[in-house]
Each structure stands twice: as C-alpha cells, then as structure tokens.
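Structure first, then comments.
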Amino acid sequence: MKININGKECLANDGDYVLQVARANDIFIPAICYLNDCSPTLACRMCMVEIDGKRSYACNTKVKDGMQVLSNTKELWDERNAIMQTYCINHPLQCGVCDKSGECELQNFTHKAQVDTQNHWIKEIDRRHQDWGALQYDPSLCIVCERCITVCKDKIGDSELKTIARGGDAPDKDFKDTMSKDAYAVWTKFQKSLIAPQNGTTLDCQECAECVSVCPTGAIINKNFQYRSNAWELTRIPASNPHSSDCELMYYDVKQKSIKDNTKMVYRVSNDFHFTTLNKAARFAYDIASDCKGKDEVEFNRLVSLFKDNKIKNVKFNSYITNEEAYILELLRQKYGFNLVNNEALCFQDFLKTFCAHSGSFYNASSDDVKKSDFIVIAGSFLRHDNPTLSYKVNNAIVMNKGAGLYFHPIKDTKFSKIAKNFVSVNCDYGKEAQVLEFILQYFAKDLPQDLAYIKDAFYEEQIEVEVKSKDAEGNEIKEKKQETIKKSSLAKELGFDEDKLKDLLLKKANFTLIIGNDYFYHENAKYLAYLLANIQKLTDFKVMLIPPRTNTLGVSLLCKLSKASDGFTLGYNERGDFSFSNDEHNNLASSNLLEQEGTFVNYDKRLVPTNAALKFKGYYLNDLANALGLDALYTIEYTEQLPKDKGFLNIAFDDLTNHYDNAGNNHRGYLIDTCEFVKNLKQDNQIPQNIKSTCECKKDDIVILANPIGNLSKYTNKSSFFNECASLYASKDYLAKHNLKENSMVKIYDDKDEIIIKVVLDKNIENGAYLPTFDDKINPYKFFKTRRYYALNIKEISYE
Amino acid sequence: MKKYYYVDKERKLILSPYEKFIKSVKRCLNTELFSGIFLIAKEVFKPNNSATIKYPMEKMKLDNRYRAVHRLQRFIESENERCIGCGLCEKICISNCIRMETKLGDDGRKLVSNYSINLGRCIYCGFCAEVCPELAIVHGVEYENAAEQRSYFAHKKDILTPIDNLINQVEFEGAGSLRADADDFVKATPNYYEISISTNNEEVKNA
C-alpha cells in the first residue's frame, strides 16, 4: 500500500507503524522512546504527527492505504519544543562532564526543537547516584523514556528493570493552562517515575549492558567507561563480534592510551542498538590485545624451517580465526600434507555434511527467521550460555510475535524459562537428544520415510476417565463416567512432557523454527541425529538452524579439510602445541588477536561479514608465515577474493564488502554464502546412518555439563580485565544440597582416571545441574568431556584438616 | 583603482642646479648640523633614557589579557581545580596541541588526571580560554618559553596554580572571561522562582 509522508509517496506493508515507514524512506520524525523491534512505549510523544488532519503518534499508528501524514508543521514543532522544555526542567547542567555529551539525544532534540528558554519549574527532589555494579545509574539525568526497560524485556529477555515511584511533586496546576496537553502529560509522568532494578537496589542480570547502549542520556553508563573519554575523541572502527558466532556488527571506539603513550587502545564497544544487540562478551571483552613487542625473527625462522623440513605433522587450531586464516591453513595443508586438527569444528563439519547430504540443502533458517517465527523449538543448546545473542532473538520473537516455544534441556534456566507463559522449558533427561527430533517428526511430519516408520508407532495407550453428559428419556442430565482409551506418544512421555499442551501452544502459529545446539554436534550418535534433523527440514514446516559453537566454526568447516590428530610434532596455532604460534601467554611466537586483524567471518546466518583491525599488531601474522612458505599475498585480506567458489564463497574483494544496516533495518553486511553451491559440490554420502542406541547409564544427579557462564565464552573473553576469572564449578542450589556441598568451597571432581580441584560456586539462575567452564585454559575440562557435552563426575569436598 | 594624491602640493620644487648648489653651501655653513649632533649627544648622555627595555634584566609589564603560556586555575574559595575535564579546549584547539586524560576520581567526580599542551605547536589563539566554561584554562603572562626542540610540553603540574601560590593567582581578562557587568545578565533559575513564590506567599499570609 502507499502512504504519503510530508508529500513523499512511501510504500508500506500492512501492519507497519508510520514511524517505521518514515525511517525506511529516510524521512526524519523525531522519536526518543521508540526502539526498533520493540513494542512502542509512547513515553516521549515526540513522534506526534498529523494524520489526515488528526493528531496521532507515529510510533504506534499502523499504516492505512492513502494516509496523509505531516510531521514537520510549525504547530507540531511548537509542541515538541514544549515537551523538550519539560525534559530540561531540573536536568543538571553537567554536560561538561557527562559521558554522553556529544552523542546525547536530549542535547540533540533540545537543539532540534530550538528550546531556548525555560518557563517551568518544580521542586527538586533527592536523586542520588546509584551504584548498580558494572552499570551506574544517575536518576537526575534520567528522562524516563523507558528504553532500557523496553530493550531488557523485548530484546534481551531479562526483564530486570522496572519503573518505581519517583516521589516528586505533581506539576503545578497553573501550568496546565499555559502549556500544551502533551507536554503537561509528559511532565506529569516524568515526575511520577524512575527506573530501578527488579529487586530495588542492585542488578541481578547478565550485564549485557544493552540498556547502556540504548540510554539516550547519560543516565545509565558503564562503570569502566565512566569519565574516561568524550565521545567525539573516539574513532569508531566497524567490526564483527569476534567472540560468538552471531558476529554482530559492533564498533571498537579507539583512542590513544594516554598523553605519554600514543599507541591506540579500545575504550569501549558500541553498537547500532536499533538493529543489533550485543552480548556481554562483545561489549566488555575488548582489552585482550597481546602485548607483543615486535617481530621475533629467531623463533619465526625456526617455525619456517619446521615447515620446510616437513617436521610438522599436525596443526592444531581453534575456530576463533578469520576465513582468510583458515584458508591459508588449508592452502598450507595442501602443500605440506599435515593434519588440520580442530575437534570442535570437525564435529560440526561432520554434522553439517551429513545434514546437507540427507536434506539436499543447507540449514535453512537464519536469525532473521528466528525473529519472525512464532513457534520456536530449541534443543541441544544451553542457549543463554552458549549463544546469548540468539537467545535475545528468541526472546524478541516470542515476546513481539506473541509466540510460543519449547526449550529442551536437562538443566532448567530459571530466567530464560520465564520469558513468556507460552515458552515451555522441558527438562528432559540427559541422552534424549534423538527423542526430541523423533517427537517433532512424529508430531509434525506427514510422510515419514520407510526407515523412520518406527516413529509412527511410538505410541502407547492410556486409560482415562471421561465424564460424559447425556440426557435420559425424561430430559434430566445424567453424568456418566466412562473409561476411554487414548493414544499418546511414548516419545513425549520419555521426554517428560505433555503433548496435549502442545495443542494450545500451536494455536494460530505459522512460522516454525528449530534451533539445534552443541549437544547434537558433539554427540557420538551425531550422524543419526543429523539424519533425523535433515528429515525435519524436508518433511515439516520447521526451518532448521544450527548454532556454530564458536565464532567462525562455520567458516572453518566450509574451508578446511579437518582430521584427527596423529602422532608427531604438533604446531599449535592459537592453541598449545609442541610449538605454539599463539596469542596465549605461553607461546613460542606471538600471533595476532582477532581485534588486531582484518578479515571475514561466516556467521550463523551463513553470511560472510567483514571485521577490521582496531589495534596495531607488531608481530608476525599468519600471512607472513604463508609468504615465507611460498604463498604470495601482501595482506591477509587479499585472500578474501580468493576464497573458493565451490564452497559457496563469492569472489568479492575485502574492500568492496559493506558492513552496515540501512535505516529500514536491511542487512548490508558482507554477503550471503551461496549454500546451494556448497551442497552441490559436497561429496554425497547417502548412506542412512545407524541409530546407535546408547543410554546414559550414569547417575543423573552427578552429571556436569560443559558450558560457560553467560558472556564469558572463551579463553579470549576471559583475558579481558572485565571477566578475568578463575574457573569454578557453577552449580545450582539443589545440586549443592544433593552433594552436601557448601557454596565457595573447594571440591575435587573426578572420574576413574582424572581429577580436577576447583571451587564450587552457586548459580542462582539454574536448577538441577552444574556446569564446568572452558574459558580458563589452566584447567582442561576436555579430559572428561571426550565426546558428549555432559558427563557424570564424582564430587567430593576437600577439607584441609 | 586607488587615486594617489600629493601630500605637500605647495612645496616649492628646486629646479635649477645653481639654486641647489646655493642651498647646500648654505646648509654646510649653517649651525643646523651641530644642533642635530647636540640633540643626539644630549639624549645619549641623559640618565635613564632608553626607548627599549633592558631585556633580560628588565621585563615588560604585560596586561592580564595577554595571551602567553597557559595556566590552569583553581578556585580561590575551595582550592579545588577549576577544570572539570569537559574536553572542549581539546576539541576546539585548531592546532591540535591539547590533550587530556580523565578518569573517575575517588570522590565520584570526573578527575583530570593529566593535561598537556604542546607549546611548540600552540599558536596562542586563545580559543581554549574562550571556550572553557569554567575559566579554568586561561592564558598567563609567561612568554619566555624558548626550547631546544620544536615540540615541548607543558603538563598539568607545570601550569596548575600551586596551592601555596594561590594568593597570587590572577584572573584572565581576555576573551572568554566574564565581563564586568556579568551579574546583571544572570537569569533567575527555576529554584529561585520557587523561593520567591514561597516568600511571597508567606508575606501574604503574614499580612
């Protein structure tokens, strides 16, 4: 349909808000409280427009065909002037020291509305600075636009903020006659409320700091940025999140370290909060650059000769690398014939290949589909811990689309399970991965292939009593109790979940997404799971999304031929090996960090996204090594254009890649991988995998899973001063009670071969379980977790007597 | 085009060489020459008579508006530094010679932990003093800042008024400082209105 805004014809979709249409067409309508993809709060009233002669608010008025919208009339700007004036009443004149100064929306709109006098006054109340831990709240700067509350509820899913009574006087009645109705209403509301954490005093959230990002004034700020730098002194360097596979667009804000030290330093990370949401890792783990002093020629030459003498049998690496690096490693592998070892990516690659072979296509959902869907099933992922950003999208979909969902995980995430009434956490037992997929096939698929026919028969009969009302010959009601036999899914029963509930959840739902996480890739029965999943994509309405476990796992699995390690000399690239070319502390030769190099990632949306170097790296890049070994490229990014076409990459040069969202929210980041091309060139292996029936015979109470606390996703995030923790065993309250453990005590966790001594810490947000982190490379949890992500471990408290 | 005009139109021009010759002979024989010599000799031997000053023994008295090496001022009353670290001077500086470091102070306020001006690069335009909302960075009268190198820095400790010397701190009167009648332009704040209303009300009640 077409609407007319300020004389400009605009195309609009049914259900769009006027403000969205205006923004998509580059028409400026002022708005403070509105956030993309969130419900309109109507707190600021700045977006008032005239629609066919009547006053309404652009942020919550849906478009109608032929609408005439005016947003720039003098009367409207007079009203806006009055509103901005009310926001300025008693607003401290501390712009000079305020961290937001220069990028403050209150400043901008005050100027834009040309406020030059203050005609109103009211008694000031006590609004003292509040310490919320990593975040700081200054109520006197707050204009109660509620963007923080909105983003926390509609996007993040923590719902940690609320409004409380401010306790201010109501504005003087005399003003009611002299000022406009809207301005008076805004002022009255403003005098009534303030922002506060749910429990009143301190925040108890995952500290993603998205509220800081959306705050239009300096009311909520990061403690570690407070008073460090003015916004205009910082250089914004666009990049992609290097810590998780969402690879969201973010900016490193960079400035010189100090007066005496002119080298650059990252002061903070910012984002386009209307279009992207960053997780805690992206937001805070930025001071991780290695302090490499220069080029260590001796060690470099040793490494080159190791290659030239063909001594290297394995190159061990992880997926926190760029596509270009992965491609260089692959080229070197082709030249020298060593094994490329990356166990985590290998598992994912195998899973992906089996999946593609059987479904005939790549996984077909992206995070945008998640955002649009109204029924989401999550399995095999401890989602908020594994990929926080995707959990934001899930929350956004369920809240905004009035969606429903099922979340299968043995450990109950109490906060995540509370995001909506129709989002049901199913705490099935460990080892039920196949059953989840089988149940989805049973319930949603129409025609199952022959070899999966057994799923159709997985029913049992149950007798239930039904009251039947009928009328006898004289017309009286009689109630009769009858025994009825109904068929129920034995799979649902195994999962401990009532399938009848599903009917209610599925009312009026149209867009289905299934999200599959790490548990499935690391499973010893992964091939069969991939086969089931392929059938789900083929036979049901579900779109399937796999979460690549690490930043560039997908890119690595597209580019590299991976294998298991064999005996012999191992070069560790960013990992520990016989020779370590790594950015860890104990290395032979320093390698660059992800924020010190240009390159590209393939994110979970199958999109190749570019990232830029925020800081200078003085040591040797992998490209230098490649050049010494006979490859030829001046810069690493020369490989971007050469990434292989048969794997789905397009031959586009790095400098031609864009990295932004437009005003309509369309994604202009890099390009989408041509997944058809990848699947076409895959060596087809159509053998149907066997279902290895292995039951998890360990004691359920003893099971520990491999997961990190929210935000601290890897050894790289843990390098930053914000995290920098020692690994602990994070346990739920009931786990502690079952094993007679005290909080913060030292425990020994062991199986029959190995043991780890570790502190046990209470995680209030989980129930029935414990998890062991991977971020601390001083402990090695992988000695227990060889295939699966969960393992039964004995636990004993250590006493020092 | 600019039109030129003669300054001394009436002046008689000496035309003939004979007249010229006569005039020079007259001048040579006149005492006019000696009167000039005498005048100069008188000025030379006059005590305390000099058109220039005897630098470096003697120095010029500069006006408070003079734009020489910067000073960071303190409040006379509280002895606190006036600089709030807003960074406007850093931003406005057209020769890009000011740099500052700020952080969260122990008292919860913004603390300027260091401040530097590259005096070799500064063009002494006075914009920093003009933009400063707190009259914290001002120009001083210290102009003797020659150095061996092209860039040399004044840090905060060099230009901040020492506490023990606070008594000698002089207000800058140049651009950016308050005008003498600044008080007349102060508008009453909303709080002030409120006070005046309540006092008025009380007066009404009392009456």
Side-chain angles (χ1 to χ4, degrees), chain A residues 85-86 88-104 107 116-125 128-131 134 136-138 140 169 171-172 174-175 187 218 221-234 255-262 265 267, chain B residues 80-93 96-119 121 131-137 151-159 186-198 200-201:
Chain A
Q85 236 180 76
T86 62
C88 296
I89 299 167
N90 293 354
H91 191 90
L93 277 175
Q94 59 179 53
C95 300
V97 294
C98 182
D99 283 310
K100 203 73 179 179
S101 182
E103 53 178 15
C104 170
Q107 277 178 346
D116 50 6
T117 57
Q118 179 58 273
N119 300 316
H120 317 296
W121 60 89
I122 197 157
K123 198 174 109 195
E124 176 68 298
I125 53 158
R128 235 164 272 204
H129 188 97
Q130 289 171 23
D131 187 354
Q136 302 285 309
Y137 179 57
D138 193 340
S140 61
D169 290 353
D172 202 299
D174 295 343
F175 290 124
W187 192 12
I221 46 159
N222 288 337
K223 193 171 188 178
N224 63 358
F225 181 67
Q226 195 177 9
Y227 296 155
R228 298 285 306 284
S229 173
N230 282 317
W232 57 77
E233 294 293 330
L234 299 165
K255 194 175 96 166
Q256 77 274 355
K257 252 184 206 158
S258 67
I259 286 172
K260 283 174 186 159
D261 187 354
N262 217 11
M265 184 177 111
Y267 276 73
Chain B
N80 285 335
E81 295 164 24
R82 287 192 195 172
C83 179
I84 55 168
C86 69
L88 290 181
C89 48
E90 190 181 12
K91 177 72 185 160
I92 206 168
C93 181
N96 205 5
C97 63
I98 300 183
R99 199 172 262 188
M100 59 200 304
E101 267 168 47
T102 55
K103 64 177 187 191
L104 178 68
D106 294 333
D107 53 357
R109 304 174 66 141
K110 195 172 189 174
L111 175 78
V112 184
S113 47
N114 204 352
Y115 188 98
S116 81
I117 301 178
N118 184 346
L119 295 176
R121 192 165 174 159
V131 79
C132 182
E134 299 287 318
L135 298 176
I137 179 88
S151 64
Y152 62 106
F153 294 86
H155 289 276
K156 186 177 155 189
K157 62 178 187 322
D158 308 320
I159 53 178
V186 174
K187 260 180 107 176
T189 63
N191 290 339
Y192 177 85
Y193 289 124
E194 192 188 305
I195 294 161
S196 65
I197 286 171
S198 58
N200 282 346
N201 286 349

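Source: prediction; values computed, not measured. By convention in this document, chain letters (A, B, ...) are assigned in the order of the sequence lines, proteins followed by strands, and residues within each chain are numbered from 1.
Residues A:Ser229 and B:Thr102 approach most closely at N-OG1, 4.2 Å, considering heavy atoms. Taking every heavy atom of both residues into account, A:Ile259 and B:Ser116 meet most closely at CG2-OG, 3.5 Å. Taking both residues in full, the closest heavy atoms of A:Asn262 and B:Arg99 are given as OD1-NH1, 2.8 Å, listed atom of the first, atom of the second, then distance. Between A:Lys255 and B:Met100, the shortest heavy-atom distance links the atoms NZ-O, 4.4 Å. Shortest non-hydrogen contact noted between B:Ile84 and A:Val97 is O-CG1, 3.1 Å.
Annotation: the span from A:Cys95 atom SG to B:Leu88 atom CG amounts to 10.0 Å, rounded to 0.5 Å. In this structure, NE2 in A:His129 is found 13.0 Å from CZ in B:Arg109, a value given to the nearest 0.5 Å. Note: A:Gln136 CD to B:Leu104 CG = 7.5 Å, rounded to the nearest 0.5 Å. Interatomic distance, B:Lys103 NZ to A:Ser258 OG, rounded to the nearest 0.5 Å: 11.5 Å. In this structure, B:Lys110 NZ and A:Gln226 CD are separated by 10.0 Å, a value rounded to the nearest 0.5 Å.
For A:Tyr227, there are no ring-ring contact (aromatic ring centres under 6.0 Å, His included) partners at least two apart in sequence or on another chain.
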- Show your reasoning for whether side chain to side chain contact (heavy atoms under 4.5 Å, CB included) applies to B:His155 and A:Lys260. CA-CA 10 Å; B:His155 289 276; A:Lys260 283 174 186 159; 4.3 Å; yes
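When heavy atoms are compared at a cutoff of 4.5 Å, B:Phe153 does not approach chain A at all. Within the 4.5 angstrom heavy-atom criterion, no atom of A:Gln94 approaches chain B.
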